[in-house]
Undergrad: 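Sharing a structure below in structure tokens format, with a few things to ask.
Each chain gets a letter, A, B and so on, in the order its sequence line appears, and its residues count up from 1.
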Amino acid sequence: MFKAIYNWIDERLDITPMWRDVADHEVPEHVNPAHHFSAFVYCFGGLTFFITVIQILSGMFLTMYYVPDIINAYASVDYLQHKVPFGGIVRGMHHWGASLVIVMMFLHTLRVFFTGSYKAPREMNWVVGMLIFFVMLGLGFTGYLLPWDNKAYFATKVGIQIAESVPYIGPYIAELLQGGSIVGAQTLTRFFAIHVFFLPGALLVLLAAHFFTIRKQGISGPL
Amino acid sequence: MAHGHNSNEKVVYVGDSRIRKRKHTMIPPDYTAFPGKSEAFIPNFLLKEWMVGCVALVGFLVLTITHPAPLGYPADPNTVGYIPMPDWYFLFLYQFLKYPYASGDYVVLGTIGVPGVAFGALLLAPFWIRARSAASIAVRSLRR
């Protein structure tokens with residue numbers, strides 16, 4: 001039946017070539033841990049993506065309960081953590097996953113660097129990867145405020161002070177992030193919007209570019 | 001598909017709806033230049049990747065179950081003497097900004113100068129690290 005559905009779509013949209021471009025390729029021996037155990041270093045990129053998917057899914061479930069306003073934010077996180085079935089697991093995955101993404105991304109960057117894979121002709125993919133890294137740091141920074149506990153509040157205050165010290169444009173950046181002159185109600189809604197819509201949107205575009213490039217160029221050769 | 005004059009197709013596109021035939025289809029690179037045991041991505045290698053993913057997921061779940069995500073007291077701007085602490089991956093900047101020539105009058109050096117140069121250098125690494133073109137690993141792979 002699936003074959004019939006596939007054929008029905010394929011007749012209309014000619015999706016087989018797309019499928020071939022995405023999935024039908026060979027994995028060389030030097031990146032396959034089944035043949036050389038040391039090739040496990042090539043897993044870190046995939047694991048970064050895996051944890052990113054977990055972050056997106058757990059984040060989607062968190063927004064079912066989270067309320068981004070200063071009266072209810074803390075209470076909603078508290079409720080989610082202690083009252084909602086498996087809420088602690090979902091929030092725990094999102095909390096620890098944020099760190100794991102950074103760790104995995106760092107290991108992936110080390111692998112790419114020390115295998116020289118960032119060199120010509122793959123410079124663009126390195127640059128895109130670094131932009132993904134910055135977006136991830138931004139996601140970490142904006143997500144840190146959302147539970148609206150003391151740690152979140154004061155860390156964000158310091159973070160915005162750092163942004164404010166930038167010459168000329170600093171005060172504008174600070175006001176843009178804060179939505180006013182203090183860390184308050186506007187700041188929380190802005191950080192929520194940035195964390196849930198702006199940065200994930202940028203992240204998905206960059207990831208698409210990252211994967212398109214690696215499929216187009218193929219994985220780099222053995223050492 | 002609907003290209004050409006093959007009238008056996010069930011769906012035939014006409015006029016402007018015709019999808020242009022691609023002149024350069026992307027042929028996935030093969031690795032015949034590296035004699036070795038290459039393997040189909042789907043399903044062989046992907047299933048192995050998923051096994052690694054399962055191991056990682058179990059470890060991840062063990063971490064989340066044994067260590068619940070922390071939640072402090074509700075934010076109160078009037079709290080006195082609270083020492084702000086960023087997440088661990090920003091601690092390097094937090095520490096760096098305590099050094100004499102990265103704080104006070106020189107804070108711009110600490111917040112923009114040094115981190116800007118460091119991350120800028122990292123961002124543009126492929127363009128300033130000289131690739132020895134003959135020996136470069138990546139270029140060698142291109143010449144397969």
Side-chain angles (χ1 to χ4, degrees), chain A residues 11-12 14 17 21 23-30 32 34-35 43 46-47 50 74 77-78 81 88-89 91-93 95-96 99-100 102 115-123 126-127 130 140 144 147-155 157-159 162 165-167 216 218 220-223, chain B residues 1 9-11 19 25-26 28-31 34 36-42 45 48-49 52-53 56 60 63-65 67-69 71-77 79 82 84-90 93 97 107-108 111-112 122-127 129 131 136-142 144:
Chain A
E11 272 163 19
R12 285 157 182 79
D14 195 17
D21 291 349
D24 187 15
H25 59 279
E26 297 219 311
V27 178
E29 182 185 335
H30 72 280
N32 192 337
H35 296 303
C43 287
L47 287 176
F50 181 51
Y74 179 87
V77 174
D78 191 45
Q81 172 98 20
I89 300 283
R91 180 165 176 254
M93 290 186 88
H95 175 86
W96 295 116
S99 289
L100 272 179
I102 305 282
T115 55
S117 308
Y118 61 94
K119 292 177 184 172
R122 298 185 173 80
E123 307 97 322
W126 170 270
V127 172
M130 289 309 297
Y144 206 63
W148 202 247
D149 57 2
N150 265 335
K151 193 170 73 164
Y153 180 84
F154 286 103
K157 226 174 155 178
V158 172
I162 290 174
S165 74
V166 176
K216 198 81 175 168
S220 60
L223 290 174
Chain B
M1 265 311 284
E9 302 285 350
K10 282 189 208 153
V11 178
I19 298 167
T25 45
M26 189 180 83
D30 66 20
Y31 289 87
F34 314 129
K37 306 177 198 81
S38 62
E39 181 172 46
F41 175 64
I42 286 184
F45 190 74
K48 287 177 189 165
E49 273 190 342
V52 175
F60 189 8
L63 174 71
T64 57
I65 291 165
H67 292 75
L71 184 63
Y73 291 107
D76 180 4
T79 310
Y82 191 88
M85 195 57 85
D87 222 345
W88 61 269
Y89 42 85
F90 288 120
L93 192 61
L97 289 172
V107 72
V108 172
T111 54
I112 291 299
L122 202 55
L123 181 70
L124 301 175
F127 303 104
I129 296 180
S136 161
I137 295 151
V139 170
R140 188 154 24 113
S141 77
L142 189 68
R144 59 178 173 252

Undergrad: Which answer fits Ala152(A), side chain, backbone, both or neither, if we ask what part of it has an atom under 4.5 Å from a heavy atom of chain B?
TA: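 Interface part for Ala152(A): neither.
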Undergrad: Given that the side chain runs from C-beta out, which part of Glu123(A) has a heavy atom under 4.5 Å from chain B: side chain, backbone, both or neither?
TA: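 Both backbone and side chain.
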Undergrad: Counting N and O atoms only, with roles assigned by atom type, does the side chain of Tyr89(B) sit under 3.5 Å from a partner on the main chain of Ile102(A), one being a donor and the other an acceptor?
TA: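 Not a single qualifying donor-acceptor pair exists.
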Undergrad: What part of Trp148(A) gets closer than 4.5 Å to chain B, counting heavy atoms only: side chain, backbone, both or neither?
TA: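 Backbone plus side chain of Trp148(A), per the 4.5 Å heavy-atom cut-off to chain B.
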Undergrad: Who among Pro147(A), Gly140(A), Gly159(A) has the most heavy-atom pairs with chain B under 4.5 Å?
TA: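 Highest number of heavy-atom pairs under 4.5 Å: Gly140(A).
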Undergrad: Does any heavy atom of chain B fall under 4.5 Å from the side chain of Val158(A), the backbone, both, or neither of them?
TA: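 For Val158(A), the contact with chain B is made by the side chain alone.
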Undergrad: State whether the side chain of Trp96(A) and the backbone N or O of His67(B) hold a donor-acceptor pair below 3.5 Å, judged by distance alone.
TA: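 Judged by distance alone, yes, a pair lies under 3.5 Å.
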Undergrad: Give me the ring orientation class for Phe41(B) and His25(A): parallel if the planes are under 30° apart, tilted from 30 to 60°, perpendicular past 60°.
TA: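 Because their plane-to-plane angle is under 30°, the rings of Phe41(B) and His25(A) count as parallel.
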Undergrad: Flag yes if more than 12 heavy atoms outside His35(A) fall under 6.0 Å of its NE2 atom; otherwise flag no.
TA: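 Yes, enclosed.
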Undergrad: Flag the pair Lys157(A) / Pro84(B) as yes when at least one side-chain heavy-atom distance between them is below 4.5 Å, and no otherwise.
TA: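 Of all side-chain heavy-atom pairs linking Pro84(B) with Lys157(A), none is under 4.5 Å.
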Undergrad: What residue in Gly88(A), Gly92(A), Ala34(A) has the most heavy-atom pairs under 4.5 Å with chain B?
TA: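 Of Gly88(A), Gly92(A), Ala34(A), Gly92(A) has the most heavy-atom pairs under 4.5 Å with chain B.
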Undergrad: For Leu100(A), which atoms come within 4.5 Å of any heavy atom of chain B: side chain, backbone, both, or neither?
TA: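 Contact with chain B is through the side chain of Leu100(A) alone.
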Undergrad: Heavy-atom pairs under 4.5 Å with chain B: which of Asp149(A), Val166(A), Val127(A) has the most?
TA: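 Maximum pair count with chain B is reached by Asp149(A).
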Undergrad: Quick check on Ile112(B) against chain A: is it the side chain, the backbone, both or neither that has a heavy atom closer than 4.5 Å?
TA: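 Contact with chain A is through the side chain of Ile112(B) alone.
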Undergrad: Sequence neighbours left out, what passes ring-ring contact (aromatic ring centres under 6.0 Å, His included) with Tyr74(A)? Give chain and number order.
TA: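 ring-ring contact (aromatic ring centres under 6.0 Å, His included) check on Tyr74(A) returns nothing, list empty.
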Undergrad: When only pairs under 4.5 Å are counted, which of Leu93(B), Leu122(B), Val107(B), Ile65(B) shares the most heavy-atom pairs with chain A?
TA: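 Greatest number of close heavy-atom pairs with chain A: Leu122(B).
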Undergrad: Under the rule for side chain to side chain contact (heavy atoms under 4.5 Å, CB included), what residues qualify as partners of Glu39(B), not counting sequence neighbours?
TA: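 Per chain and number, Glu39(B) pairs via side chain to side chain contact (heavy atoms under 4.5 Å, CB included) with Asn32(A), Asn44(B), Phe45(B), Lys48(B).
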